[in-house]
Amino acid sequence: GSSGSVTNDCGVTGATGPIATNALLAPPAGDAFDVTTKKSGLCIGCTVSQPNNVIDEDNIPGSQNYAVVNTLVGLLNGEIDLTVNNSSSFTGSHLAGFIVQSTGKQVLTLDLIQNLGVTTLQGGVVQEKATSASTSVLRLDLLTLLGDGTKSFVGFTTSVFSASYIAHELETGRLSAPNLRFYHAMYQIMMFGMNLAFVSNNIGLMWVAVELATLSTVVMVGIYRTHEALEAAWKYFILGSVGIALALFGTILVYMTAQPVVGEGTSAMVWTVLIERAKDFDPALLSVAFVFLLLGYGTKVGLAPLHAWLPDAHAEGPTPISAVLSGLLLNVALYALLRFKLLLSASPDALAPGPLMVAMGLTSLIFAAFMLYRRRDIKRLFAYSSIEHMGIIVFAFGMGGPLANFAGLLHMVMHSLTKSAIFFAVGHIAQVKGTQKIAEIRGLTESHPALGWGLIAGVAAIAGLPPLGIF
């Protein structure tokens with residue numbers, strides 16, 4: 001209701017008009033501030049001198065820190081860069097919004113509602129945050145759809161395979177009815193954890209989801225309660241816990257890196273906010289965080305020399321769990337690692353993630369190639385094959401670029417489909433022959449042609465023979 005002088009700083013004729021006072025609680029009365037808006041090269045600059053009688057704090061509930069929201073639809077739509085110069089110190093919670101009206105037809109508005117728009121004021125510049133849509137807990141993008149789609153298909157086919165496999169285990173007495181209920185309950189929890197990890201937009205929630213999937217698979221690996229199965233489950237639990245602890249520490253470091261830029265709260269853990277502001281993060285701390293994340297999630301991926309849990313877990317657990325370990329859980333951990341790799345790539349001064357991933361990928365490939373020689377257990381053989389292929393995939397993503405990234409994604413999907421199909425065949429073969437020893441598995445094409453030729457096709461595919469997908 002009061003009047004103030006409006007002086008244009010961009011060479012445009014100035015104007016004098018009313019200043020909307022019901023939308024402005026800060027700055028205090030008598031202070032001056034500068035407003036500059038830019039859109040498509042157009043500059044409309046205003047210096048507004050605030051008279052002392054504009055703010056009547058007695059008529060407004062609360063104190064000067066009380067946020068008053070009064071947003072109008074302005075003339076300018078889209079991005080608005082705002083500079084506020086004032087003697088008082090503000091934060092986002094102090095400012096609710098303000099309206100400068102230079103003429104009757106030109107109204108410039110800025111909504112400073114916390115958690116929806118601009119909430120931080122640094123160095124006199126109001127920083128714009130992501131909108132509420134991009135700070136949601138869950139998120140879908142092309143990478144998520146690819147991973148989650150593969151997970152859904154492999155998870156469904158594995159559940160179908162589990163029906164006949166577990167039924168045979170019940171008949172032979174290796175499992176009991178309580179084991180059956182426990183197995184299927186843990187299987188659903190595992191699938192929920194994997195699905196949550198893929199669609200999570202919060203790096204903390206993603207860590208929790210990966211840990212949930214890990215713990216559920218640990219108890220399923222030891223479900224036979226044999227000495228070897230319990231040893232494999234404990235090894236998986238201990239090494240997996242070390243890896244997930246390193247990943248947690250790396251996640252905390254990412255939050256510490258983002259907090260000075262984004263602000264406190266969950267926004268500093270939201271993926272869409274982090275990738276948008278990554279260029280402003282401390283590159284040294286971000287680099288240290290990625291090293292811990294690479295070691296932590298790399299343990300889940302099964303990269304050498306962090307792979308020791310993987311062969312035993314595949315060999316001693318139920319074959320459907322071997323299928324989801326190779327076809328799904330390794331992909332979930334790799335998906336989390338790729339998210340942080342993109343974050344590091346968005347920071348120009350941070351450590352280059354490519355060489356580290358290339359080195360670990362090649363190490364895994366060479367190590368697995370030697371370990372594949374003279375394997376006597378068929379499930380352990382294909383477990384080392386998974387280490388080899390994850391090394392190739394990580395190598396491709398480490399190389400980077402459109403072609404290498406496409407190759408990595410294609411290989412990841414083809415490996416999941418092929419390896420899960422191989423374990424389906426291996427599971428039935430081990431039940432038919434009563435053993436997992438390769439030397440005692442023979443004559444399948446004669447006695448069980450579907451299983452025999454199916455295994456041959458799977459081996460040809462996983463070996464990368466043309467024209468199959470892994471080739």
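We count residues from 1, following the sequence as given. Small disclaimer: the values here were computed from a predicted structure and weren't measured.
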Visitor: So which atom in Leu328 and which in Gly155 form the shortest heavy-atom distance, rounded to 0.1 Å?
Guide: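 The pair with the smallest heavy-atom distance is CD1-N, 4.0 Å.
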Visitor: Got a second to check how far Leu215's CG is from Phe237's CZ, nearest 0.5 Å?
Guide: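 Nearest 0.5 Å value for the CG-CZ distance: 6.5 Å.
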Visitor: Can you label the angle between the Phe292 ring and the Phe249 ring as parallel, tilted or perpendicular, going by 30° and 60°?
Guide: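 If you compare the ring of Phe292 with that of Phe249, the planes turn out perpendicular.
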Visitor: Return the minimal non-hydrogen interatomic distance between Ser386 and Ser326, and the atom names on each side.
Guide: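 In this case the closest contact between Ser386 and Ser326 is OG-OG, 2.6 Å.
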Visitor: To the closest 0.5 Å, what do you measure between CG (Asp312) and NZ (Lys235)?
Guide: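 Going from the CG atom of Asp312 to the NZ atom of Lys235 covers 4.0 Å.
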Visitor: Got a sec: does the CE of Met186 have more than 12 other heavy atoms crowding it under 6.0 Å?
Guide: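 Atom CE in Met186 is crowded, with more than 12 foreign heavy atoms closer than 6.0 Å.
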Visitor: Taking only distance into account, with no hydrogens and no angle test, what donor-acceptor pairs under 3.5 Å do side-chain atoms of residues 352-367 form with protein atoms, sequence neighbours excluded?
Guide:
{"residue": "Thr363", "atom": "OG1", "partner": "Ala359", "partner atom": "O", "Å": "2.8"}
{"residue": "Ser364", "atom": "OG", "partner": "Ala304", "partner atom": "N", "Å": "2.8"}
{"residue": "Ser364", "atom": "OG", "partner": "Met360", "partner atom": "O", "Å": "2.8"}

Visitor: Mind listing the closest non-hydrogen atom pair of Arg375 and Ile438 along with its distance?
Guide: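 Heavy atoms only, the tightest pair is O-CD1, 3.3 Å.
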Visitor: Measure across Leu239 and Trp309 and return the closest heavy-atom pair with its distance rounded to 0.1 Å.
Guide: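 Here Leu239 and Trp309 meet closest at CD1-N, 3.6 Å.
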Visitor: Please collect all side chain to side chain donor-acceptor pair (under 3.5 Å) contacts where either partner lies in residues 338-347, sequence neighbours excluded, each pair once.
Guide: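 Of all non-adjacent pairs touching residues 338-347, those that pass side chain to side chain donor-acceptor pair (under 3.5 Å) are Asp141-Arg339, Thr144-Arg339, Tyr335-Arg339.
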Visitor: Rounded at 0.5 Å granularity, tell me how far CD1 in Ile252 sits from CE in Met256.
Guide: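 The CE atom of Met256 is 9.0 Å from CD1 of Ile252, to the nearest 0.5 Å.
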Visitor: Among all residues two or more places apart in sequence or in another chain, which pass the side-chain contact (heavy atoms from CB on, under 4.5 Å) test with Glu228?
Guide: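 By the side-chain contact (heavy atoms from CB on, under 4.5 Å) rule, Glu228 matches Thr226, Glu316.
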Visitor: Tell me if the NZ atom of Lys279 is crowded by more than 12 foreign heavy atoms within 6.0 Å.
Guide: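 Result for NZ/Lys279: enclosed.
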Visitor: Using the six-membered ring wherever Trp is involved, compare the ring planes of Phe423 and Phe382 and label them parallel, tilted or perpendicular (cut-offs 30° and 60°).
Guide: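 Ring orientation of Phe423 relative to Phe382: perpendicular.
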Visitor: Looking at Gly240 and Lys300, what are the two nearest heavy atoms and their distance?
Guide: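 Taking Gly240 first and Lys300 second, the nearest heavy atoms are O-NZ, 3.5 Å.
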Visitor: Provide the full list of salt bridge (Lys or Arg N to Asp or Glu O under 4.0 Å) pairs with a residue in residues 192-221, sequence neighbours left out, each pair given once.
Guide: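 Sorted result for residues 192-221: empty, none.
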Visitor: Measuring from Leu212:CG to Thr217:OG1, what's the distance to the nearest 0.5 Å?
Guide: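 Nearest 0.5 Å value for the CG-OG1 distance: 9.5 Å.
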Visitor: Do any pairs count as a salt bridge (Lys or Arg N to Asp or Glu O under 4.0 Å) and have a residue in residues 172-187, sequence neighbours left out, and if so which ones?
Guide: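 Listed once each, the pairs are Glu169-Arg174.
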Visitor: Among pairs that include at least one residue of residues 165-192, which meet ring pair (Phe, Tyr, Trp, His ring centres under 6.0 Å), considering only residues two or more places apart or in two chains?
Guide: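 For residues 165-192: Phe161-Tyr165.
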